[in-house]
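Below is one structure, written out as structure tokens; the observations come after it.
Remember, predicted model here, so these are calculated numbers, not experimental data. Chain letters run A, B, ... following the sequence lines, proteins first and then strands; every chain starts at 1.
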Protein chains: 2
Amino acid sequence: MPDEPDVKLIDVARKAGCSPATVSRVLNHNAKVNTATREKVLQAAMDLAYVPNGSARSLRSTKSRLAGAVIPTLDHAIYATMVNSLQARLTENGVSLIINTSSYDIDREYEQVRLLVERGVESVVLVGAAHRRETIALLEQRNIAYVFTYTAKPTDIGAAVGFDNEKAGRLAARHLIDLGHTRIAMLGGITINNDRAVSRRDGFVAELRDNNLAPLGILETPYQADGGHAGMKRLMLADTPPTAVICASDIAAAGALKYCRQNDIAVPGTVSVLGFDNLDIGELTTPELTTIDVPAGEMGRIAADYLLAPAAQRQHMRIRELPLRLVVRGSTAALLR
Amino acid sequence: MPDEPDVKLIDVARKAGCSPATVSRVLNHNAKVNTATREKVLQAAMDLAYVPNGSARSLRSTKSRLAGAVIPTLDHAIYATMVNSLQARLTENGVSLIINTSSYDIDREYEQVRLLVERGVESVVLVGAAHRRETIALLEQRNIAYVFTYTAKPTDIGAAVGFDNEKAGRLAARHLIDLGHTRIAMLGGITINNDRAVSRRDGFVAELRDNNLAPLGILETPYQADGGHAGMKRLMLADTPPTAVICASDIAAAGALKYCRQNDIAVPGTVSVLGFDNLDIGELTTPELTTIDVPAGEMGRIAADYLLAPAAQRQHMRIRELPLRLVVRGSTAALLR
DNA sequence: CTGTTAGCGCATTCAG
DNA sequence: CTGAATGCGCTAACAG
């Protein structure tokens with residue numbers, strides 16, 4: 001099946017016996033076109049298996065129906081889930097999504113955004129509130145809509161949909177304090193270039209301080225089971241081991257749990273473990289994980305709605321703080337005396 | 001910062017004191033250009049923060065540097081991981097990736113592919129070997145490179161990178177047979193529109209038959225923990241419960257494990273449980289999961305390499321069957337008599 | 001309601 | 001090595 005010369009709009013016009021403009025009208029903004037000719041055009045397009053040329057279309061109309069997302073990685077469910085719903089919502093509205101990953105590196109993020117701009121995206125989804133000046137400047141200058149996710153902290157100009165990471169850190173600490181713990185450690189995320197991890201840590205520390213407590217230790221660990229495992233080991237072998245540990249993610253928490261199981265450390269008897277994200281895995285470990293729910297899917301959906309909204313309406317949608325929810329399961333318990 | 005009128009190639013030319021053609025040459029195929037003027041052009045482009053217009057570029061050159069992927073969902077690590085490495089490899093080579101999801105529906109898949117064609121993608125990644133005729137015809141007709149993943153079964157014309165799903169089914173069965181099991185059930189994936197689940201089931205049944213065994217039951221379950229939980233329940237409450245169960249994925253297997261734990265059914269003492277995919281979660285359950293490794297990341301990388309290769313070379317890369325690996329951990333054991 | 005005209009921004013001929 | 005000219009396929013004005 002050799003490639004027949006691509007059929008274009010003008011071929012459809014010829015076959016339908018009308019002008020290219022009319023074909024364009026039928027295929028697009030549905031401006032008033034006689035029903036009879038409309039049918040003929042549609043028929044002709046069908047017969048010829050016509051597929052419009054998006055490049056030509058964008059070039060002429062300066063509308064690309066393209067959006068971009070730059071996320072740290074797709075290899076973590078919390079981002080994959082967000083992108084999944086973002087993509088679904090955008091596609092429902094005829095917008096295609098280009099995805100790029102930054103590996104948590106804001107310089108790479110900038111490069112990727114540049115690429116997206118080059119591709120002609122009309123909107124961009126970013127993660128977090130910390131970005132290079134150039135990134136934002138570029139977006140502003142090209143008049144591209146953008147929104148930050150996983151944060152509720154917009155810049156002067158940017159919008160945000162997500163949650164307050166500091167509150168998240170406080171919420172976690174609060175839960176453990178309420179259970180009577182005083183020796184609380186954190187197995188936090190890597191804070192370099194990750195403003196969300198920073199805020200959560202700060203919130204955690206602040207909440208302890210407000211209760212005249214100090215963290216027993218703050219370790220940073222990648223969002224992986226191994227990291228949680230190794231971190232828990234360090235924590236539990238210390239002179240003064242914690243009675244409660246806040247983990248950067250459910251994955252890390254599951255790794256921490258594994259360390260405890262392997263070493264006959266009772267959870268939550270000896271040490272309480274708190275996860276973060278509310279991933280599926282939290283219900284599959286033994287004990288099941290107490291965690292903080294991150295509404296990833298909803299974030300994707302809302303981000304899409306924001307970007308799809310007419311520019312005028314966007315003003316009123318600039319901050320969308322989603323509620324944080326503590327999910328209490330079996331891995332945390334009151335401190336035994 | 002109001003939107004200054006977008007700077008275009010001709011502006012760069014003016015600023016650099018040369019013709020647009022020269023600027024184009026500098027920015028692209030690096031055809032011989034005097035080093036001095038090249039520098040001036042680069043400088044001017046920098047100063048003006050010039051970003052080329054991709055649409056115009058593609059329209060003129062008929063090269064879009066765009067690829068597309070249509071996968072069932074991003075909400076399952078096995079696909080997200082593949083896409084993650086696919087994207088990384090493509091980006092390294094200046095190709096952007098548009099992602100669409102089909103929800104395991106080949107009619108939707110066709111729609112998405114059409115959209116991708118419209119966007120001008122030069123190559124497409126699909127999952128599995130079962131697709132609508134129209135999908136393949138469209139790709140062939142437009143001369144778009146495409147590759148199937150998670151399968152080693154190419155069509156007459158399409159390429160494939162993945163593994164033999166029937167072998168996977170057989171491998172799973174083999175492991176349990178070797179352990180002395182005869183009452184073996186399957187908690188398989190939904191087979192509608194999923195040729196891979198079909199093949200794995202067929203391989204499973206075939207291997208049993210080759211050993212004069214018949215499956216004790218085959219249930220279909222979505223790739224979720226709940227499904228595994230519910231399926232395991234049905235299986236274990238049957239008149240003749242199995243002594244070994246093959247699950248569609250590690251997620252389902254983890255759900256099955258949970259059911260057993262809740263009901264004091266010993267794993268692997270009373271029943272062995274075999275997972276599939278080798279996700280992180282497999283090392284975090286109790287017991288840890290015996291599973292079959294699916295090289296998702298490698299698939300993405302290889303698929304990218306295939307699509308990036310010059311058309312001539314692709315002929316020699318059409319099938320790439322990756323090895324399947326049984327990962328034995330604690331959830332399977334020899335049958336006790 | 002429909003056709004005609006004129007580019008969108010760029011890469012590619014073809015001459016110099 | 002460089003410039004001038006010519007559309008890529010389509011849609012937005014403007015007439016009719």
Provide, to the nearest angstrom, the distance between the [atom1] atom belonging to [X] and the [atom2] atom belonging to [N].
X     : N      : atom1 : atom2 : answer
B:K8  : C:dA11 : NZ    : C1'   : 16 Å
B:L27 : C:dG9  : CG    : P     : 16 Å
A:R57 : D:dA12 : CZ    : C1'   : 14 Å
A:I10 : C:dT4  : CD1   : P     : 10 Å
B:L59 : D:dG7  : CG    : P     : 14 Å
B:D11 : C:dC8  : CG    : P     : 12 Å
B:N28 : C:dG9  : CG    : C1'   : 13 Å
B:K63 : D:dC8  : NZ    : C1'   : 15 Å

task: With the side chain counted from C-beta on, respond yes when B:T101 and B:V70 share a heavy-atom pair under 4.5 Å apart, and no when they do not.
output: no
Taking the side chain of [X] as its heavy atoms from C-beta onward, which of [options] lies nearest to it?
X     : options              : value
B:S24 : C:dT12, D:dG3, D:dT2 : C:dT12
A:N34 : D:dG3, D:dC10, C:dC1 : C:dC1
B:R25 : C:dG9, D:dG3, C:dT12 : D:dG3

When you check the side-chain N and O atoms of [X] and [Y], is any donor under 3.5 Å from an acceptor?
X      : Y      : value
B:S96  : A:R119 : yes
A:Y146 : A:E140 : yes
A:T91  : A:Q87  : yes

message: Base of D:dG9, side chain of B:R60 - is there a donor-acceptor contact under 3.5 Å?
response: no
DNA chain D contacts among residues 45-56 of chain A, heavy-atom distance under 4.0 Å: A:Y50, A:P52, A:N53, A:A56
message: At less than 4.0 Å, is any side-chain N or O atom of A:S61 found next to OP1 or OP2 of D:dA12? Yes or no.
response: no
- prompt: If only side-chain N and O atoms of A:T22 are considered, is one of them under 4.0 Å from the OP1 or OP2 phosphate oxygen of C:dG3?
  reply: yes
query: Are B:Y110 and B:H131 close enough that their ring centers fall under 6.0 Å?
result: no
task: Scan B:L9 against the nucleic acid and name what it touches under 4.0 Å (heavy atoms): base, sugar-phosphate only, or nothing.
output: sugar-phosphate
- prompt: How far apart are the closest heavy atoms of A:S123 and A:L307, and which atoms are they?
  reply: CB-CD2, 3.7 Å
- request: Under the ring-ring contact (aromatic ring centres under 6.0 Å, His included) rule, collect the residues that match up with A:Y150, sequence neighbours excluded.
  value: A:Y79
- line: Whichever of B:T62 and B:T35 has the more 5' nearest nucleotide on DNA chain D, that residue is B:T35
